[in-house]
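Input: a single structure, listed below in structure tokens.
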Amino acid sequence: GQLTSFSIGMEGLQGPTLVLFWDIVFKKYLVQIALESTADICLIVDSQITTPSENETTKSDYIYASHPNNKSAFNQKVLLEKIEFTSASKEHQGEWIGMMKLSKKGTQLFSQYIEEKKQQFLLNPLDIRDALNDLCQKNVAIEVHYISGGWVDVDHVVDLPKVTSI
């Protein structure tokens, strides 16, 4: 599973880490936003969600957070409440773009989580969403930093022309 691959990449890491999904193209300022975060775990989330039409079945990583991206969230710590792989809905606050920054402590928290699941022989079917949701349930603060565009998820060849629009 995805978390098994992630665990191999995490082996030996002890310091701050930037995790990127391989299929995203993004403006460089998004990396700066992630790296400047003081949170132990920080997700970069696009608050511009297009709700699909009835016959569209596009799925992605959508989140529920403590605050939506609006004026009330300005200068507020926004925390992840749940992440799910599903179609977009009006209830979601944003789409995780596949960029996550871990501080030294965040790297340790993920490493401990992975080791715990390995010991329980539960690592293989899990993905990063499972880890994030489990950490949320353990009251680990996972901060959400909202953005508005500036990235493209390239899953198929037909997605490549979108890259020129960012």
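Bear in mind the structure is a predicted one, so any value in this text is a computation, not a measurement.
- Atoms CG and CG, on Asp153 and Asp61 in that order, are 8.5 Å from each other to the nearest 0.5 Å.
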| query | Between Leu3 and Tyr113, does a side-chain contact (heavy atoms from CB on, under 4.5 Å) hold up when you go through it step by step? | reply | CA-CA 10 Å; Leu3 206 54; Tyr113 176 84; 3.7 Å; yes
| task | Please test Phe121 against Leu123 for side-chain contact (heavy atoms from CB on, under 4.5 Å), starting from the C-alpha separation and ending with a verdict. | result | CA-CA 6 Å; Phe121 300 100; Leu123 189 63; over 6 Å; no
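- Ser47 places no side-chain N or O within donor-acceptor distance of the main-chain N or O of Gly94, the cut-off being under 3.5 Å.
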What side-chain donor-acceptor pairs closer than 3.5 Å can you find for residues 11-23, not counting sequence neighbours?
unit_1	atom_1	unit_2	atom_2	d
Thr17	OG1	Gly15	O	3.1
Thr17	OG1	Thr107	OG1	3.3

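- Remark: Phe85 CZ to Ile128 CD1 distance equals 13.0 Å, nearest 0.5 Å.
- Val140 and Val45 fall within the same hydrophobic cluster, defined by Ile, Leu, Val, Met, Phe, Trp and Tyr side-chain heavy atoms under 4.5 Å apart, directly or through other members.
- Heavy-atom contacts from other residues, nucleotides or ligands closer than 6.0 Å to NZ of Lys118 number more than 12.
- Counting heavy atoms from C-beta outward, Phe110 and Met100 have side chains that approach closer than 4.5 Å.
- Under a 3.5 Å cut-off, the side chain of Ser7 and the backbone N or O of Thr4 do form a donor-acceptor pair.
- Each of Glu115, Glu116, Lys117 was compared with Gln119 under the side-chain hydrogen bond (donor to acceptor under 3.5 Å, both in side chains) criterion, and only Glu115 meets it.
- Annotation: the span from Leu80 atom CG to Leu135 atom CG amounts to 10.0 Å, rounded to 0.5 Å.
- Considering CD of Gln76 and CG of Asn70, their distance stands at 9.5 Å, rounded to 0.5 Å.
- Counting only heavy atoms from C-beta outward, the side chains of Val25 and Trp151 never approach each other to under 4.5 Å.
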Expected list for residues 31-44: side-chain donor-acceptor pairs under 3.5 angstrom, two or more places apart:
unit_1	atom_1	unit_2	atom_2	d
Gln32	NE2	Glu36	OE2	2.9
Ser37	OG	Ala39	N	3.1
Ser37	OG	His145	NE2	3.3
Asp40	OD1	Ser103	OG	2.7

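- To the nearest 0.5 Å, the span separating CG on Asp127 from CD on Gln2 amounts to 5.0 Å.
- In this structure, the separation between SG on Cys136 and CG on Leu79 is 8.0 Å, given to the nearest 0.5 Å.
- Taking the side chain as every heavy atom from C-beta outward, Arg129 and Glu84 never approach each other to under 4.5 Å.
- A donor-acceptor pair shorter than 3.5 Å cannot be found between the side chains of His67 and Gln93.
- At distances below 3.5 Å, at least one donor-acceptor pair connects side-chain atoms of Asn133 with backbone N or O atoms of Ile83.
- Here the closest heavy-atom approach between residue Ala65 and residue Val144 is recorded as CB-CG2, 4.4 Å.
- Residue-environment remark: OH (Tyr29) exceeds the threshold of 12 foreign heavy atoms within 6.0 Å.
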| request: Determine, stepwise, if the pair His92 / Lys90 fulfils side-chain contact (heavy atoms from CB on, under 4.5 Å). | output: CA-CA 6 Å; His92 294 118; Lys90 292 177 182 172; over 6 Å; no
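- Scanning for side chain to side chain contact (heavy atoms under 4.5 Å, CB included) contacts around Ser5 gives an empty result, with sequence neighbours left out.
- Hydrophobic clustering (ILVMFWY, side-chain heavy atoms < 4.5 Å, transitive): Ile8 and Met10 are in distinct clusters.
- Hydrophobic clustering (ILVMFWY, side-chain heavy atoms < 4.5 Å, transitive): Ile24 and Leu30 are in one cluster.
- Side-chain atoms of Tyr62 and Glu91 form no donor-acceptor pair, as typed in the model, at a separation below 3.5 Å.
- In this structure, Lys138 places its NZ atom where more than 12 heavy-atom neighbours from other residues, nucleotides or ligands lie under 6.0 Å away.
- Of all heavy-atom pairs between Gln48 and Gly149, the closest is OE1-N, 3.8 Å.
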